[in-house]
Undergrad: 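What follows is a structure written as structure tokens; I'll ask about it next.
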Amino acid sequence: MTSHKTPQTMKPVTAAKKLGVYLEATPAQFRAGVVSRDELNALQADPPEWLRDLRRNGPHPRPVIAAKLGISIGGLARGGITDPLTTEQVEALKAESPEWLRRERATQAEVRKEAARLKARERS
């Protein structure tokens, strides 16, 4: 008696999160079906042109924007950034360096410093 394994699949929204791309900017074919684990691995190992372009130029989802700006996702919301941004828009925000962005970066630096302090304390 042999068992047949069914391939593990995920919804396109989950696959887009794992790939770090904004779902609505992906091709219709990607959004329409399910993505198997093997397909996801293939996309990560050898990304097609559309995926390379999305990663390079955006629009980017909030977690990617937050990482590019060096702040938290909550910091994005406090700064009024709720929509996806392109790489060009993220770079313009960095160059402009508004007060809220400087404040959020300082907050994030404090959070990291405190996390490092607590981790060092645990080791002792």
Side-chain angles (χ1 to χ4, degrees):
M1 208 168 158
T2 60
S3 65
H4 295 287
K5 282 191 167 182
T6 57
Q8 182 183 7
T9 60
M10 61 193 84
K11 294 178 182 177
V13 67
T14 304
K17 283 181 184 177
K18 290 180 180 289
L19 293 169
V21 295
Y22 182 58
L23 178 64
E24 283 73 21
T26 61
Q29 181 181 3
F30 180 85
R31 293 189 307 265
V34 295
V35 180
S36 73
R37 174 63 63 183
D38 290 339
E39 290 170 330
L40 179 70
N41 290 340
L43 287 170
Q44 289 172 325
D46 186 22
E49 184 58 37
W50 66 263
L51 181 54
R52 287 193 302 266
D53 185 52
L54 275 178
R55 287 178 169 169
R56 183 176 41 253
N57 302 317
H60 303 290
R62 286 178 301 155
V64 173
I65 297 167
K68 287 178 177 280
L69 292 174
I71 62 175
S72 68
I73 294 173
L76 278 179
R78 286 187 292 275
I81 306 296
T82 56
D83 294 329
L85 299 177
T86 64
T87 300
E88 186 177 307
Q89 291 168 313
V90 171
E91 293 303 319
L93 257 178
K94 283 181 179 178
E96 183 184 317
S97 191
E99 175 58 34
W100 69 266
L101 180 56
R102 290 192 301 272
R103 189 174 52 249
E104 290 299 334
R105 283 180 165 171
T107 299
Q108 194 68 14
E110 288 299 317
V111 168
R112 287 188 194 112
K113 187 189 302 184
E114 180 64 10
R117 185 187 70 78
L118 291 174
K119 191 172 183 177
R121 195 169 108 191
E122 282 180 9
R123 291 183 191 154
S124 324

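Residues take their numbers from the sequence shown, with the count starting at 1.
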Undergrad: CZ/Arg121 to CD/Glu114 distance, rounded to the nearest 0.5 angstrom?
TA: 8.5 Å
Undergrad: Going by the rule side-chain hydrogen bond (donor to acceptor under 3.5 Å, both in side chains), which residues pair with Arg123 if we only count those two or more places apart in sequence or in a different chain?
TA: none
Undergrad: Could you pull out every donor-acceptor pair under 3.5 Å between side chains of residues 12-32 and any protein atom, sequence neighbours left out?
TA:
{"from": "Thr26", "atom 1": "OG1", "to": "Leu23", "atom 2": "O", "distance (Å)": "2.5"}
{"from": "Arg31", "atom 1": "NH1", "to": "Glu24", "atom 2": "O", "distance (Å)": "3.2"}
{"from": "Arg31", "atom 1": "NH1", "to": "Thr26", "atom 2": "O", "distance (Å)": "2.1"}

Undergrad: Decide, yes or no, whether a salt bridge links Arg105 with Glu110 under the criterion of side-chain N to carboxylate O below 4.0 Å.
TA: no
Undergrad: Are any non-hydrogen side-chain atoms of Val64 and Val90 less than 4.5 angstrom apart?
TA: no
Undergrad: For Thr9, is there any backbone N or O sitting under 3.5 Å from a side-chain donor or acceptor partner on Ser36?
TA: no
Undergrad: Supply the atom-to-atom distance Leu76 CG to Leu69 CG, rounded to the nearest 0.5 angstrom.
TA: 6.0 Å
Undergrad: Go through His60 and Thr86 one step at a time and tell me if the side chain to side chain donor-acceptor pair (under 3.5 Å) criterion holds.
TA: CA-CA 6 Å; His60 303 290; Thr86 64; over 6 Å; no
Undergrad: Provide the closest heavy-atom pair for Pro59 versus Leu54 in the form atom of the first, atom of the second, distance.
TA: CD-CD2, 4.0 Å
Undergrad: Looking at Ile73, is its backbone amide N or carbonyl O close enough to the side chain of Arg62 to form a donor-acceptor pair, meaning the two atoms are under 3.5 Å apart?
TA: no
Undergrad: Does Gln8 have any side-chain hydrogen bond (donor to acceptor under 3.5 Å, both in side chains) partners at least two apart in sequence or in another chain, and if so, which?
TA: none
Undergrad: Please step through side-chain contact (heavy atoms from CB on, under 4.5 Å) for the pair Ile81 and Leu93, ending with a clear verdict.
TA: CA-CA 11 Å; Ile81 306 296; Leu93 257 178; 4.1 Å; yes
Undergrad: Determine, step by step, whether Met10 and Leu40 satisfy the side-chain contact (heavy atoms from CB on, under 4.5 Å) criterion, reporting the C-alpha distance in whole Å, the side-chain angles of both residues, the deciding distance to 0.1 Å, and the verdict.
TA: CA-CA 9 Å; Met10 61 193 84; Leu40 179 70; 3.7 Å; yes
Undergrad: Do Ser72 and Arg78 pass the side-chain contact (heavy atoms from CB on, under 4.5 Å) test, and can you show the C-alpha distance, the side-chain angles, and the key distance before you say yes or no?
TA: CA-CA 10 Å; Ser72 68; Arg78 286 187 292 275; 3.8 Å; yes
Undergrad: If you round to the nearest 0.5 Å, how far is CG of Leu43 from CH2 of Trp50?
TA: 5.5 Å
Undergrad: For Glu49, is the CD atom crowded, meaning more than 12 foreign heavy atoms sit under 6.0 Å from it?
TA: yes
Undergrad: To the nearest 0.5 Å, what is the distance between CG (Leu85) and CD (Glu91)?
TA: 11.0 Å
Undergrad: For Leu101, does its backbone N or O pair with a side-chain atom of Glu104 as donor and acceptor, under 3.5 Å?
TA: no
Undergrad: Could you tell me whether Glu122 and Lys119 have a side-chain N and a carboxylate O separated by less than 4.0 Å?
TA: no
